Amino acid sequence: MAQTIETGTSALAPHRGEPFRCYEMSFSDAQNITDAVIGEDIVLDEDLIGNEKLLYDWPAVYILDNGEQAYVGQTTSFARRMDEHGKNPEKSLFNRANLISHPEFNQSVVTDYEHRLIGLMAADGKYELTNGNGGMTESDYYSRAEYEAMFEDLWEQLRQMHLANHTVAQIQETEVFKYSPYKELNLDQKVALEKILLAVTGAMEGSEERVRPIVVDGKPGTGKTVLAVFLLKMLKDNYVDEDGNPTARIKLLEPMTSLRKTLQKTLRTVPGLKASDVIGPADLVSPKNGFTGDGVPNIDILLVDESHRLRRYKNIVARKSFKDVCAALGRSAENTTQLDWVLATCRLPIFFYDHRQSIGPADIPQQVVRQKLGDSLAHPISLGRQMRVKAGDALLDYVEAILNNGRPEPRSFPGYELCLHRTFEGFDRSFEEHLAEAELTRMVAGYAWRWASKKDGSLYDITIEGVDKRWNTTLDNWVGKGMESETVAHEVGCIHTIQGYDLSYAYVIVGEDLIYNRQAGRIEAVQDNYYDTNGQTKGMDPEELLAFIRDIYYVLLTRGIDGTHLYVCDPALREHLSRYIEAVD
């Protein structure tokens, strides 16, 4: 007779109260653990002696370390795996083995835990990991949510064993964790990765001097930068000879200075990578990167992150350096873009692109990118799954529709804070509350105020309803530095500090560069209220200006993981947006 199981907590689900079993031993003892079990004089935890099931036929996770470096693995036979590692010269640097077991482990769980440990330990910083990142793919399995909750207990146990320094919450708030090459890939990213690797393999085996570019397209938060960093690590690990020397010149180009410095800092401690693997556009013609000026590509594979931020000469501020690069390539600046620089110096470029995030008048227009990349842009590899904003693609589409003067059906997003503050005092108070609980909460704004404090630090740049604020004092990793400095955390960031970054809660000030024309019934841009000297917008027609400023706010409004709070300076626009976004205070 069939037995009925009540719905709710499954009898087969893991029990969080069941303790993890962590055993520490010398690596030499682990290599000879078979002898230990049959009675040789090797010092092991007494619970392991004679425990053949745990040692030979049970899923487990393990950590090898030497106090400075570590390797994380998983196995279904600890004894067999330690014997294999003992014969591997690469593992001879380790002197300690740590076995992690649980009565309710299975193969799916230990694979998941292995990936979690690699990602967290790499960002924790206590050890330099020697793992590669192949196979770091997210997958679902039975009772995964329960095992995720249990993992916190394991991590705290590892901290007590001095295998980690920081809490999970502390690590997850760091930029090092967010851009780690050890992050698990979701299904969309995994499919994209396989397509890219197939194209790379074909290109590297061929004899062509240049091959067809690859374009990876995705909205904000779909993980383009994460995939680019992951791919950099994998390719650098793959293209080495038997002595570990590189067989291909592989670089990641990051056009945005702030994000470039963040990535350089993140990758500096990753085995097989170095800070110089992340370059800026002008570095393409550096002799350090193999440039000779003979017209032959000097970089084999170039991953171009945030490629929608590549520049053209028109409206650019740093004209001399732009001209210098063009001269090195034998081209005129007026007819050359940074996209041309990439195509001239790289054999296989891989562009991570989103035309919706082109937010400067000096950015290369989409029609020019389309002309130069042709079929590659027309048939990109697409990333669809939203990784940043918990409200998912629905929120991005909703924000885009509102900014584009659409009339979407008003809606809410359960589990996500989307609200419009009636007063700046309430907006600022709410910001302080969230900053106290989530360190990656930041206040950002459109460039609707002059940067007076740049020349005189005693001045305030933004005053709203009697509350004074200053613009960001640095462009270099402003988000990350706010975790170390309370002063920086209380500054207002501009578009140049925030693009490409994740925030826990985004507090967005919409300045009077964007208003609502009640008579015309539409959102409009105001040239006289836009003050970014890096964006030369004078002479733009009204629709072009609106598209440019609207895209800036689209980027600002798609940074928040857990919530987005708005304050709108123009009363008419505030009233208009309150039809679509819940008004508070």
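Position 1 is the first residue of the sequence; numbering continues from there. Keep in mind that what you see is a predicted model, and the values were worked out from it rather than measured.
Here Asp363 pairs with Arg309 in a salt bridge; the nearest charged N to carboxylate O distance falls below 4.0 Å. Between Asp283 and Lys251 no salt bridge is recorded (no basic side-chain N to carboxylate O distance below 4.0 Å). Using a 4.0 Å cut-off between charged side-chain N and carboxylate O, Lys481 and Glu484 make no salt bridge. The pair Glu148-Arg116 counts as a salt bridge, with a side-chain nitrogen and a carboxylate oxygen less than 4.0 angstrom apart.
Applying the salt bridge (charged side-chain N to carboxylate O under 4.0 Å, His left out) criterion to Lys126, with sequence neighbours excluded, gives no partner residue. In terms of the side chain to side chain contact (heavy atoms under 4.5 Å, CB included) criterion, residue partners of His490 (sequence neighbours excluded) are, by chain and number, Phe431, Glu432, Leu435, Glu486. Arg550 is linked by a salt bridge (charged side-chain N to carboxylate O under 4.0 Å, His left out) to nothing, counting only residues two or more places apart in sequence or in another chain. In this view, Ser504 and Glu173 satisfy the side chain to side chain donor-acceptor pair (under 3.5 Å) rule, not counting sequence neighbours. Considering only residues two or more places apart in sequence or on other chains, Tyr62 meets the ring pair (Phe, Tyr, Trp, His ring centres under 6.0 Å) condition with His85. For Glu194, the side chain to side chain donor-acceptor pair (under 3.5 Å) test picks out no residue, with sequence neighbours left out. In terms of the side chain to side chain donor-acceptor pair (under 3.5 Å) criterion, residue partners of Asp397 (sequence neighbours excluded) are, by chain and number, Lys219. With sequence neighbours excluded, the residues forming a side chain to side chain donor-acceptor pair (under 3.5 Å) with Tyr553 are Asp513, listed by chain and number. Partners of Trp155 by ring pair (Phe, Tyr, Trp, His ring centres under 6.0 Å), not counting sequence neighbours: none found. Every ring pair (Phe, Tyr, Trp, His ring centres under 6.0 Å) that Tyr398 has, sequence neighbours left out, goes to Phe413. Applying the side chain to side chain contact (heavy atoms under 4.5 Å, CB included) rule to His434 yields the partners Glu417, Ser430, Glu437, Thr441, Tyr505, Tyr507, His565; only residues at least two apart in sequence or on another chain are considered. For the salt bridge (charged side-chain N to carboxylate O under 4.0 Å, His left out) test, residues two or more places apart in sequence or in another chain that qualify with Asp562 are Lys390.
Looking only at side-chain heavy atoms (C-beta outward), Leu339 and Phe351 come within less than 4.5 Å of each other. Side-chain contact between Val304 and Tyr353 is absent, with no heavy-atom pair separated by less than 4.5 Å. At a threshold of 4.5 Å between non-hydrogen side-chain atoms, the residues Leu231 and Leu197 count as touching. Residues Gln264 and Val278 form a side-chain contact, since some pair of their non-hydrogen atoms from C-beta on lies under 4.5 Å apart. Side-chain contact check for Asn131 versus Met136: every heavy-atom pair is 4.5 Å or farther apart. Considering only heavy atoms from C-beta on, Tyr142 stays 4.5 Å or farther from Tyr147 through its side chain.
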Pair Met82, Glu84 - check side-chain contact (heavy atoms from CB on, under 4.5 Å), show working. CA-CA 5 Å; Met82 291 303 103; Glu84 292 171 352; over 6 Å; no
Assess the residue pair Leu284 and Asn289 against the criterion (side-chain contact (heavy atoms from CB on, under 4.5 Å)); give the C-alpha distance rounded to whole Å, side-chain angles, the decisive distance to 0.1 Å, and a yes or no. CA-CA 7 Å; Leu284 291 169; Asn289 292 319; over 6 Å; no
For side-chain contact (heavy atoms from CB on, under 4.5 Å), just list the numbers for Leu117 and Ile100, CA-CA rounded to whole Å, side-chain angles, deciding distance to a tenth of an Å, and then say yes or no. CA-CA 11 Å; Leu117 286 171; Ile100 301 165; 4.3 Å; yes
Derivation and outcome, side-chain contact (heavy atoms from CB on, under 4.5 Å), residues Tyr113 and Phe20: CA-CA 12 Å; Tyr113 274 32; Phe20 288 94; 3.7 Å; yes
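For the pair Lys91 and Phe27, the cation-pi test (distance below 6.0 Å, angle within 45°) is failed.
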